[in-house]
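The structure under discussion appears below in the form of structure tokens.
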Amino acid sequence: MENYIGKPIKRREDTRFLKGAGRYTDDIKLPHMAHVAFVRSPYAHAKILNIDTTAAAQAEGVIAIYTGADECGNFGVPCGWQVNFKNGDTMREPQHPLLAKEKVRHVGEAVAVVVAETQALARDAAELVEVEYEELPAVTNPKDAMQPGAPLVHDQWPDNAAFDWCIGNDRAEVEKALENAYHVTELEFINNRLAPNAIEPRSYIADYNVNDDKWTLYTSTQNPHLIRLLLCAFTLGLPEHKVRVVSYDVGGGFGSKIYHYTEEALVTWLSRQVGRPVKWTADRSEAFMTDAHGRDHVVKSKMGFDKDGKIVAHLTDEYCAMGAYLSTFAPAIPTYLHGTLFQGLYTTPLIHLNVVAPFTHTVPVDAYRGAGRPEATYLIERLISKAAIEMNMDPAEIRFKNFIPPFDGINQPGYQTQVALQYDSGNYAAALEKALEAAGYENFRKEQEEARQNGKLLGLGISTWIEGCGIAPSAVVGALGARAGLYEVGHVRVQPTGKVTVYTGTHSHGQGHETTFAQFVADKLGIPIEDVDIEHGDTNEVAFGMGTYGSRSLAVGGSAIVKSIDKVLEKGARIAAHKLEAAVEDLEYGDGKWTVKGTDKSISFGDVALTAYVPHDYPQGEEPGLDFSSFYDPVNFTFPFGAHICIVEVDADTGKVTIKRFITVDDVGNIINPMIVDGQIHGGVVQGIGQALLEEVAYDEGGQMITGSYMDYAMPRADDVPFIETHNTVTPCPHNPLGVKGAGEAGTIGATPAVVNAVIDALAHLGVRDIQMPLTPQRVWKAMQNNN
Amino acid sequence: MLNDPQVLARITPGIQTLEEVAPDHYKAVSEVKIGPVKGRFSGDLRITDKNPEKSSVVELNQQSKIGNAKARITMGLHAIDDSHTEIQYSGEAQVSGMLARMGQRLIGGVVSSLSRQFFEALAREINQET
């Protein structure tokens, strides 16, 4: 009964979302609940001279006020990934206190917390806390942070570097190849800092129950078990078996809700202090100031080519901001999730990336949709498109010349890159061919020329992308500095009536797991999808899990569920064999029943389930029940890839960019639900367009964030985006049971360079070769004037 | 006239009180609205580099719940003839907190509007005296 895999089944979870019946943390109201407001630093860098809470303590409804001088000031949130200096020195890891003590290091850092009867009273009282600061000079740009004399973020170290790092071939060898190259393309730019902007702001409720000495933390996280582990083992030292972490529905994460934040640790501590449930929900302004940001690399690149346009070497130096403290996965983003993708889709024989990761007086920077891989793809795809212009080659042709030839990972081995990873399977030229065909590339140059005659500036941008998803295996990531494993847990509980509840350690915050996972579970068991439910987000229900990020849920979490399904079917077969008085080897499973091969003797899945729980007539020595949990640790990453084409029109008078068409060909391996994959691509492409044209977190010289609201931080809106034409090729992953690769970040990775390449293509005849993102009308117009 | 704190308090938009704590050093309380944010500011106002009938500098250091503001405004007076004086002013300001986050794009407009109000009030003040 292969009924569900590959079908665009409507999302089951949408019933509650569309009715406004989702269970988000802020929807939860516990009896006797108190509310929290934070007093936050208005300065990027300052000494705290004095905090006077006298007036606030007397305000209406105030239950308690704490500052960094209290016990909570001794606790700090840990970093989950260690990247040491190239010379072997240990990564510099400052304490990240729950409340700042002597100094504040970014705008929005909390210096005091007020607990009160209502949110409004808590906020009113927080305004009465008098904090005296001595303002100090700040540095927000990561390159500036490494210049001699730059203000220090942490005084205990002589400079701002958290670590430095490199990957690839010997630098001298790469430099020599560049010297001897026929042509060298250079590019210097800033990969603009982005604010994640999940529609649901972060929200936490902690509920300490004195009678059984247990905590429940309701939190808007992408990984509840990881939060529990960090909270218990590192931040507060709580006994893990007494802590339950729950995150039912979460309204978008994009990476920003992976991390263990100071506020969630603090509300957990507060709940026990005040003996009541304690709640905090960020407002949008706090989200801008305190959600970990993404990107923020200062980049300098060189790519060398031979006279036929084959890449001979690639050298990049980057300064990648860490922010004021090290967020949970921050050190991994510009290193192991970035440098390891510098091969791109090309046969580049020599690659070297050098990264310096400084502290800056800003909110921490960590993974944001794509996490390191959009940054890698952007620079590689900009370099190759710029080279095509400089070498007077066709941007498609130069890519075809450099693509790694097709390999399926079974008959042909995986592709060993110069930057540590081995790609699983790929057919890169096929994706670009399909995209070019869909775009009508053959005729485009003629249309472009005609449009120019009519005063219209049309441009077409190509980008091809690859991503390392389902980051694994645990032993490898451990060797690379991860302080956790990256396996997943899948638990299949067959109920006595044959209904199935599946518990996954991954977490859905918009991805549609409740539908996609049910589709393959129903197919593998041959039962109706209505008989399968997917549960996630409660550490008391799910044994363990690493959560959802890096497009890992189906590839890793789905595979763990398949492992448990295999165990269910194996045990079920033994029970069926007993009931049918046949040998296990003589049975086959299909359409929800075990049949003795070549006969019409069969027993249904439901009857076997009932037998397992009512084991009267039962195989000797067999345990009752039909309930299996599995841990799945993948043997390799998965490597989805694709080609995006963007067609733009640039207004010749104003520089405004309008996207006319956007074509995607993404190969995410096997597809379980094409509608959900399309949805992921749509959302990702729009976020990629946002970075290219609109979004940027900007700071002034004093370290003030001057884009702290939607008046100044431009998110893409419906009229910024065309109808997105999605296509796929399918190259299955050879090493996981579903053959899937991951689709969550594809759009974001491919879209940004496609848009910028399109704008440069539209203006190339004016001599424009590069424009700094975001490509606002002002910047585009200036580039047009400067080169005219 | 521009060195008289009572006059300054009357003509500077938003100023509610201006108390002298030492010569050329005042405590100021003001209320200003910048776009979506409105704040009650309090703090120091100092007049420095006084060069009577030629120029002076006003230094402001104001705190509020919506962020703090530091400003340095230089005013220059040039006699055109016996009855006309040209006033030139220039300044720079640094803001922090919510003011910087929310109001950045509006600050330029607010500053010119406040300056206009200041000079209109000054003109009224002069007309009343003469």
Side-chain angles (χ1 to χ4, degrees), chain A residues 37-46 49-50 52 55-56 104 106-109 111 123-138 140 195 283-290 361-363 696-714 776, chain B residues 14 16-17 19 21 25-46 48 58-74 90-114:
Chain A
F38 288 95
V39 180
R40 297 187 180 278
S41 168
Y43 295 119
H45 188 201
L49 301 177
N50 186 45
D52 182 354
V104 287
H106 68 87
V107 170
E109 186 169 7
V111 296
R123 288 182 175 195
D124 285 350
E127 288 206 349
L128 298 175
V129 175
E130 296 288 341
V131 188
E132 215 181 306
Y133 296 99
E134 180 191 331
E135 199 185 348
L136 298 168
T140 57
D283 60 24
R284 185 56 63 187
S285 198
E286 284 179 300
F288 270 109
M289 285 190 290
T290 63
H361 289 106
T362 65
V363 69
E696 178 173 40
V697 176
Y699 293 93
D700 73 7
E701 279 175 11
Q704 292 294 327
M705 187 197 297
I706 55 173
T707 51
S709 81
Y710 290 136
M711 288 198 306
D712 298 294
Y713 189 93
T776 56
Chain B
Q16 293 180 325
T17 64
E19 259 174 60
V21 289
H25 180 189
Y26 305 92
K27 274 237 163 315
V29 174
S30 60
E31 200 167 287
V32 180
K33 189 169 184 303
I34 297 177
V37 291
K38 190 168 134 184
R40 189 180 161 83
F41 290 85
S42 64
D44 286 348
L45 186 158
R46 286 170 199 269
T48 59
V58 177
E59 285 180 5
L60 277 163
N61 199 342
Q62 298 275 301
Q63 276 83 45
S64 82
K65 291 300 168 197
I66 58 166
N68 303 336
K70 264 198 273 187
R72 191 183 152 87
I73 303 151
T74 309
S90 64
E92 50 187 62
Q94 277 181 309
V95 291
S96 70
M98 197 195 291
L99 263 183
R101 254 184 351 267
M102 311 279 289
Q104 197 72 18
R105 205 160 49 148
L106 305 161
I107 279 174
V110 172
V111 169
S112 15
S113 140
L114 293 180

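Letters A, B, ... are given to chains in the order of the sequence lines, protein chains preceding strands, and every chain is numbered from 1. All heavy atoms count here, side chains included; hydrogens, waters and symmetry mates do not.
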Report task. Determine the option with the most heavy-atom pairs under 4.5 angstrom with chain A, choosing from B/Lys65, B/Gln63, B/Gln94. Result -> B/Lys65
Query - Contact class of A/Glu135 relative to chain B, heavy atoms under 4.5 angstrom - result: side chain
Query raised in the report: Can you tell me if CD on B/Gln16 sees more than 12 non-hydrogen neighbours from other groups inside 6.0 Å?
Result: yes
Pairs under 3.5 angstrom only: tabulate donor-acceptor contacts from the side chains of residues 124-132 of chain A to other protein residues two or more places apart or in another chain.
none

**Report entry** Closest approach of A/Asp700 to B/Val95 (non-hydrogen atoms, all atoms of both residues)
**Finding:** OD2-O, 4.3 Å
Query raised in the report: So, for B/Ser96 and A/Pro42, which heavy atoms are closest and what is the spacing to 0.1 Å?
Result: CB-O, 3.4 Å
Requested in this report: Could I get the full list of salt bridge (Lys or Arg N to Asp or Glu O under 4.0 Å) partners for B/Arg40, not counting sequence neighbours?
Outcome: none
Query raised in the report: Is the count of non-hydrogen atoms from other residues, nucleotides or ligands lying under 6.0 Å from A/Glu701 atom CD greater than 12?
Result: no
Report summary line: The reported gap from OG in A/Ser285 to CE in B/Met98 (rounded to nearest 0.5 angstrom) is 6.0 Å
**Report entry** Interface residue of largest heavy-atom contact number with chain B, from A/Ser709, A/Gly703, A/Gly108, under 4.5 Å
**Finding:** A/Ser709
Query - Over all atoms of both residues, closest heavy-atom pair of B/Gly97 and A/Gln704 - result: N-OE1, 2.9 Å
